[in-house]
4 protein chains.
Amino acid sequence: MTPSAERRRELLSTAAEVFAAQGYNATTVRRIADEAGMLAGSLYYHFDSKESIVDEILSTFLNELWAGYDEVLDAGLGPRETVEALVTESFREIDRHHAAVAIYQKESKHLSTQPRFGYLTESQGRFERAWLGTLERGVAEGVFRADLDVRLAYRFLRDTVWIAASWYRPGGQHSPEEIARQYLSMVLDGITPREEQTGRDRTPQETPRRP
Amino acid sequence: MTPSAERRRELLSTAAEVFAAQGYNATTVRRIADEAGMLAGSLYYHFDSKESIVDEILSTFLNELWAGYDEVLDAGLGPRETVEALVTESFREIDRHHAAVAIYQKESKHLSTQPRFGYLTESQGRFERAWLGTLERGVAEGVFRADLDVRLAYRFLRDTVWIAASWYRPGGQHSPEEIARQYLSMVLDGITPREEQTGRDRTPQETPRRP
Amino acid sequence: MTPSAERRRELLSTAAEVFAAQGYNATTVRRIADEAGMLAGSLYYHFDSKESIVDEILSTFLNELWAGYDEVLDAGLGPRETVEALVTESFREIDRHHAAVAIYQKESKHLSTQPRFGYLTESQGRFERAWLGTLERGVAEGVFRADLDVRLAYRFLRDTVWIAASWYRPGGQHSPEEIARQYLSMVLDGITPREEQTGRDRTPQETPRRP
Amino acid sequence: MTPSAERRRELLSTAAEVFAAQGYNATTVRRIADEAGMLAGSLYYHFDSKESIVDEILSTFLNELWAGYDEVLDAGLGPRETVEALVTESFREIDRHHAAVAIYQKESKHLSTQPRFGYLTESQGRFERAWLGTLERGVAEGVFRADLDVRLAYRFLRDTVWIAASWYRPGGQHSPEEIARQYLSMVLDGITPREEQTGRDRTPQETPRRP
DNA sequence: AATGAATGAGAGTTCATTCAT
DNA sequence: GATGAATGAACTCTCATTCAT
């Protein structure tokens, strides 16, 4: 990585942190520059515009996210295992890119109205297809409840996972895998006890962290 | 209701709609005024500032919300029934004040840093106590799973419900009670089938709409 | 005086008080209306504009002022007695119209640039001629010091008198005549003792208040 | 002096000129910017607000003024000489900072109500103590007339001197020292001739300009 | 006579952006 | 690579004024 690219990455990381904390609109480019130890004008040596900064933050994040997702989706897992793997992968992304995820969560609806951010809408579509497909397959195979409103369940799962970015802080007491397991146990089995439940064999297994 | 108060309510409703759609910061008072069919300056005959508009939107909403919540919390219900009633009440509030809820969801973190919006923080505290208490009681009584991480479950339930305001549109095909029932069935029983499940008696009953 | 004219006079008095206290520009017509117990718009039933309010305040004041001044100037007094009478008359005007005087003092320079307030400039001219003439006559007659820079002395006297409006409050411990006597003693005799001074016969006599 | 500080000084000087000519409230920042050859927004690169501009103008002026006054007050002069030196110093300040003095004269009453301008009130207090003390000392020592109402004389001297800023223009035919001499001769000896007056020895001497 | 609601011009201020140095 | 100074559009808000009632 060239030194220039390294600086760029630093700046993007700083900007993401500020955007996540204050919101895109409420964040001034001056504030970002302050945080990076330079003057507002100097940022324009590195980036075209404020917009192109979020753009790069979000697209970088989504590229990585889909690399992980596609690996899961192409692995030929069953519906339940797919759900478990997608959720776990999501919490890992929150762990690694929590600022980008928070921005994505808060601003994507607003930003996606602009052509430049068309990929947000596109990504949302892939998202929807992946989840809906998995859920429908699970219902068909009897792995998920027959009376499930899959569209509602899709929104439920989607929101449930990403909203965690609003409170999750990396380095806390729970690893992303731990949080994923807890979430999955609630979503898959519910918060009320299952009488016949033996525990171990129904609770989602820990997915090993990839190297 | 005096015509003046009626006009005020109309304007607040218009403003709430715009705030919810575009975000507080991204919304100009000109836009609100446009939508209300007047000039930007004219808004200031009715309100002190843009801030006092959101303030009134949010505090009105929270007052109504807590009226409903308190009724539930004071009813002496069991933990499971309390959760059901709170979730149902929440979806009703989303139905009635979907714009206010969306604003609350998106902006309260940011706004609550200002003293004027201290009641947001306060409300969040009451919220947390009500939910945590109910969950803990449920675990103690064996109504909820013993291995539940209640703090995590609290966040899960809280966010899961409110985030629905971001996609819920009143007058759609599902009534708030219907959506609440579906959500509750996922949260309480999970999305995987329960072998011994008799269905009817474990699925949350429809809570009758209050007159 | 018709009741309408009476109300008008009240409003003008109220307005003058506020203008004097806060300055013309800094005073909002709403503030005046508040003070008068009505709404801002209602003032426009009585007056054409904010400007016409000051206009009426100032022109009324100046008319009365010049009535008094002209009486003095036409009385055929000597220069010293003329100065004494003008100063005394001025302090009486400050006593009666202290608000108008304060406005005149603070705003006339600014207002007189507008054609509508041409009479302010005109009045200032008459003022200057009256004072300068009196001073020159006094110097010629040996009543005032021969080395006097009359233009400087004119400004000195003019400012010295009117500036008192900025701190004078009617009903205080000194009557206008008393203040006039003190001022005149400073201006005419200076603040250092005159060796041969017998006091009584050199201190300006109290001018009897007109009925 | 750095070029930046120099620019700042220029802008302050321009602003002071406009404030003095039109009054603080009546002056728009657009007008100041015009006069400075820039756009309104550009002023905010140099200053926080319109208020902070007057603030800097007034506080800079008062600092310099009190430097001069304190030198006089600490010099151990007699009361008459102190009055002469203070008046002379004042006219020099009017000469150097005529715009700031005019602003001080017109706006300080209004501005001093704000906490930020508390130093105006404070300065007025020091002013009062300095003048009153000197006058009282003079009366006690027999240098000033025994029948002097010192509070009245204080106001008289204070206002008389500063009001001159409203008409004084630097570079006119009279030097500040010349005007001070004339003023002092009126104030100390009065405008009527003193029979026994020897002239030279009682007229205030020209105070040499400090290097 | 007065109200209530609005107008519209313009105020102070913010901020993304530019560019010569 | 970064600075310092500026731009210009847009923003929130103020206020004198209007007018139907």
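Atoms considered below: every heavy atom in the structure, side chains included; atoms not considered: hydrogens, waters and symmetry mates.
When the salt bridge (charged side-chain N to carboxylate O under 4.0 Å, His left out) test is applied to C:E56, the partners found at least two apart in sequence or on another chain are C:R8. Applying the salt bridge (charged side-chain N to carboxylate O under 4.0 Å, His left out) rule to B:E122 yields no partners; only residues at least two apart in sequence or on another chain are considered. Listed by chain and residue number, B:R7 satisfy the salt bridge (charged side-chain N to carboxylate O under 4.0 Å, His left out) test with B:E10 (two or more places apart in sequence, or in another chain). When the side chain to side chain donor-acceptor pair (under 3.5 Å) test is applied to B:E64, the partners found at least two apart in sequence or on another chain are B:H97. Partners of A:S123 according to the side chain to side chain donor-acceptor pair (under 3.5 Å) rule, which considers only residues two or more places apart in sequence or in another chain, are A:W66.
The salt bridge (charged side-chain N to carboxylate O under 4.0 Å, His left out) pairs that include a residue from residues 19-29 of chain D number zero, where partners must be two or more places apart or lie in different chains. A side-chain hydrogen bond (donor to acceptor under 3.5 Å, both in side chains) check over residues 105-115 of chain A, counting only residues at least two apart or in different chains, returns the pairs A:E51-A:Q114. For residues 31-48 of chain B, the set of pairs meeting the side-chain hydrogen bond (donor to acceptor under 3.5 Å, both in side chains) definition, not counting sequence neighbours, comprises B:Q22-B:R31, B:R31-B:E35.
Taking all atoms of both residues into account, the shortest heavy-atom contact from B:I103 to B:F19 is CD1-CB, 3.4 Å.
B:V29 comes within 4.0 angstrom of the backbone, heavy atoms only, and of no base. Using a 4.0 Å heavy-atom distance criterion, D:R7 is classed as a sugar-phosphate-only contact.
Distance noted for atom P between F:dT21 and E:dA1: 22 Å (whole Å).
Going from atom CZ of B:F47 over to atom P of F:dT12 covers 15 Å, rounded to whole Å. D:R30 has its CZ atom 14 Å from the P atom of E:dA9, to the nearest Å. The OH-P distance, from B:Y24 to F:dC11, rounds to 14 Å in whole Å. Remark: C1' of E:dA2 and CZ of C:R8 are 16 Å apart, rounded to the nearest angstrom.
A donor-acceptor contact closer than 3.5 angstrom is absent between the side chains of C:Y119 and C:N63.
Shown here is C:R30, whose CZ atom has no more than 12 heavy atoms of other residues, nucleotides or ligands within 6.0 Å.
Near DNA chain F, meaning a heavy atom under 4.0 Å from it, residues 31-46 of chain C has C:G41, C:Y44 in order of number. Residues from residues 104-117 of chain D lying near DNA chain E, meaning a heavy-atom separation below 4.0 Å, are absent. Listed by residue number, A:S49, A:K50 are the residues of residues 48-57 of chain A with a heavy-atom contact under 4.0 Å to DNA chain E.
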Let me check I have this right: for DNA chain E, each base becomes ., (, ), [, ] or |, based on Watson-Crick or G-U pairs with both distances under 3.5 Å. What is the full string? .||||||||||||||||||||

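In this structure a side-chain-to-backbone donor-acceptor pair under 3.5 Å is present from D:S49 to D:S52.
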Show your working on side-chain contact (heavy atoms from CB on, under 4.5 Å) between C:I94 and C:W162 and close with a plain yes or no. CA-CA 8 Å; C:I94 291 176; C:W162 292 129; 3.9 Å; yes

